[in-house]
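Read the structure below first, then the notes.
What's counted below: heavy atoms across the whole structure, side chains too, no hydrogens, waters or symmetry copies. Order of the sequence lines sets the chain letters (A, B, ...), proteins ahead of strands, with each chain counted from 1.
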Number of protein chains: 2
Amino acid sequence: MLSTMTASSTPAAGRHTGDSVQRSRDSVQRLMDAAVDAFADKGFHATSTRDIAARANMSPAGVYVHFASKQDLLFQLCKRGHVLALEIVISARDSAHTPPSQLVAIVSAFASWHAEQFRTARIVQYEFSHLTPEHRAEVLAVRKQIDAVVRNVLLAGVASGDFDVPDIAVTTLALQSLTIDVARWYGPGVRRTPQAIGTAYGDLALRLVRA
Amino acid sequence: MLSTMTASSTPAAGRHTGDSVQRSRDSVQRLMDAAVDAFADKGFHATSTRDIAARANMSPAGVYVHFASKQDLLFQLCKRGHVLALEIVISARDSAHTPPSQLVAIVSAFASWHAEQFRTARIVQYEFSHLTPEHRAEVLAVRKQIDAVVRNVLLAGVASGDFDVPDIAVTTLALQSLTIDVARWYGPGVRRTPQAIGTAYGDLALRLVRA
DNA sequence: CGAATCACTAAGCGCTTGCTTAGTTTCGAT
DNA sequence: ATCGAAACTAAGCAAGCGCTTAGTGATTCG
């Protein structure tokens, strides 16, 4: 009841326009940032609500002013991350107009995002499984849209004769595996820049479809 | 002190040869199986020692007869899994004699192992990060050996002119990403057989090196 | 047989967990 | 100035955690 209302759409619950709304927004942002950091480097279950609160300079109870539960916080993070990922993929696709260039744009953007925002990406990809079934279902819908974008580019490329792909499903999966796994191994201390990773992975994608 | 001695080498701690040794070995096996199942589907931190004990039909305290701690159990699992993975990669490599066929053998075997033993593989790949620094270092050494096997095949293939690979490091990583990620998405309910996945991924590997 | 050693359990200790409650402060609206 | 609502905290509760202790019954050895 509280849960979906919390850190979501409602720009102003009442008719306030002053600083209090801004302060609340700041707190929500600080909590989410704190939770991203904590979940990404210790995992959802190894992170305590006290830990999140401390990172956000708040008392343990302060978390519950803005989020219904620790689970709710994970859900908000996970959903926001998935929506962001979908936007990135769509805008990459729309930046190009032939299947090969669209594929390069998508894989390159997606891979470099998984490096640059590896903390968020880890939550999106690996903490996802700790959501409740209902929350998981909602996020899964976004995930399927991402999958569809990639698959449709492959289908278009095969239809146009640009790609040679014997199994669309396997290749779609493989392309995503390639980019998703970046979030697992990337971290501070990795020398290669996110952009360089994107470029290299764009090339690998073309090889996978034998363009 | 207890930790490294527990589920490890010593075939018989004293000079026993009777059933008691066999019973202990069975219990260790049951506990490890239980822990693999639990860790793989709930994660290390979300799994309680009581949960592991219950799955192995034991009392909570029974775990500590065979393992020094929950952390120790994860370490044994993680190490065993890594050693097994290394053996698979090495024996795949040795089953073939040219770089292309070696690459196909390695990727194919590794991918189908990640599907067939996805529970163990998940622990190896994703729970690995929850080890203590010392344990992590020990396991990391095995991981580097796996990496070296793949890299050396790529180097041999480039040297022989069979492969066209601009960046050995990136391609080594990409090949592993491809196979490792199988453990993330594979599960009961996935129709494709592990063997079919192996075959498909062997082909993808050849594409990545433009053989 | 008797002693030692083993796997194993019932009970529980000290601590941390997610979350609540009751109350204080802050602040915009009247 | 006063009220109402919201953000926030100090304190703490019930439950669950990893792990220990004290003890039991079976097995092996001299």
> A:Tyr64 has an atom OH; how far is it from atom C1' of C:dT20, in whole Å?
Replying inline: 10 Å

>> What is the distance, to the nearest angstrom, from the CG atom on B:Asn57 to the P atom on C:dA7?
In response: 18 Å

>> Rounded to whole Å, how long is the line connecting atom CE of B:Met58 with atom P of C:dT9?
In response: 6 Å

> Could you give the CZ-to-C1' distance, from A:Arg25 to D:dA7, as a whole number of Å?
Replying inline: 15 Å

> Only one of A:Glu87, A:Gln125, A:Arg143 forms a side-chain hydrogen bond (donor to acceptor under 3.5 Å, both in side chains) with A:His82, so which one is it?
Replying inline: A:Arg143

> To the nearest angstrom, how far is B:Lys70 atom NZ from D:dG16 atom P?
Replying inline: 15 Å

> Counting just side-chain N and O atoms, does A:His66 come under 4.0 Å of either OP1 or OP2 of D:dA6?
Replying inline: no

>> Can you list everything that forms a salt bridge (charged side-chain N to carboxylate O under 4.0 Å, His left out) with A:Asp167? Sequence neighbours excluded, please.
In response: B:Arg192

> Near DNA chain C, which residues from residues 33-44 of chain A have a heavy atom under 4.0 Å away?
Replying inline: none

> Does OP1 or OP2 of C:dC8 have a side-chain N or O of B:Ser27 closer than 4.0 Å?
Replying inline: yes

> Is the backbone of A:Gln176 close enough, under 3.5 Å, to the side chain of A:Thr179 for a donor and an acceptor to pair up by distance?
Replying inline: yes

> Are B:Arg30 and B:Asp26 within salt-bridge range, i.e. N to O under 4.0 Å?
Replying inline: no

> Using 30° and 60° as the class limits, which term best fits the ring planes of A:His114 and A:Phe110: parallel, tilted or perpendicular?
Replying inline: perpendicular

> Is B:Asp181 reaching over with its side chain to a backbone N or O of B:Ser177, donor-acceptor style, under 3.5 angstrom?
Replying inline: no

>> Counting only side-chain nitrogens and oxygens, does A:Thr49 get under 4.0 Å of the OP1 or OP2 atom of C:dG18?
In response: yes

> Would you say B:Arg50's side chain and B:Pro60's backbone share a donor-acceptor pair under 3.5 angstrom?
Replying inline: no

> Is a side-chain N or O of B:Lys70 found less than 3.5 angstrom from the main chain of B:Val63, in a donor-acceptor match?
Replying inline: no

> Taking all non-hydrogen atoms of both residues, which atom of A:Pro99 and which atom of A:Val153 are closest, and how far apart?
Replying inline: O-CG1, 3.7 Å

>> From CG of A:Asp26 over to C1' of D:dA7, roughly how many Å is that when rounded to an integer?
In response: 13 Å

Restricting to nitrogen or oxygen on both sides, can you table the protein-nucleotides 10-13 of chain D pairs closer than 3.5 Å?
from, atom 1, to, atom 2, distance (Å)
D:dG12, O6, A:Arg50, NH2, 3.4

> Quick one: A:Ile52 CD1 to C:dG18 P, roughly how many Å, whole number?
Replying inline: 8 Å

> Roughly how many Å is it from NE2 in B:His45 to P in C:dT16, rounded to a whole number?
Replying inline: 15 Å

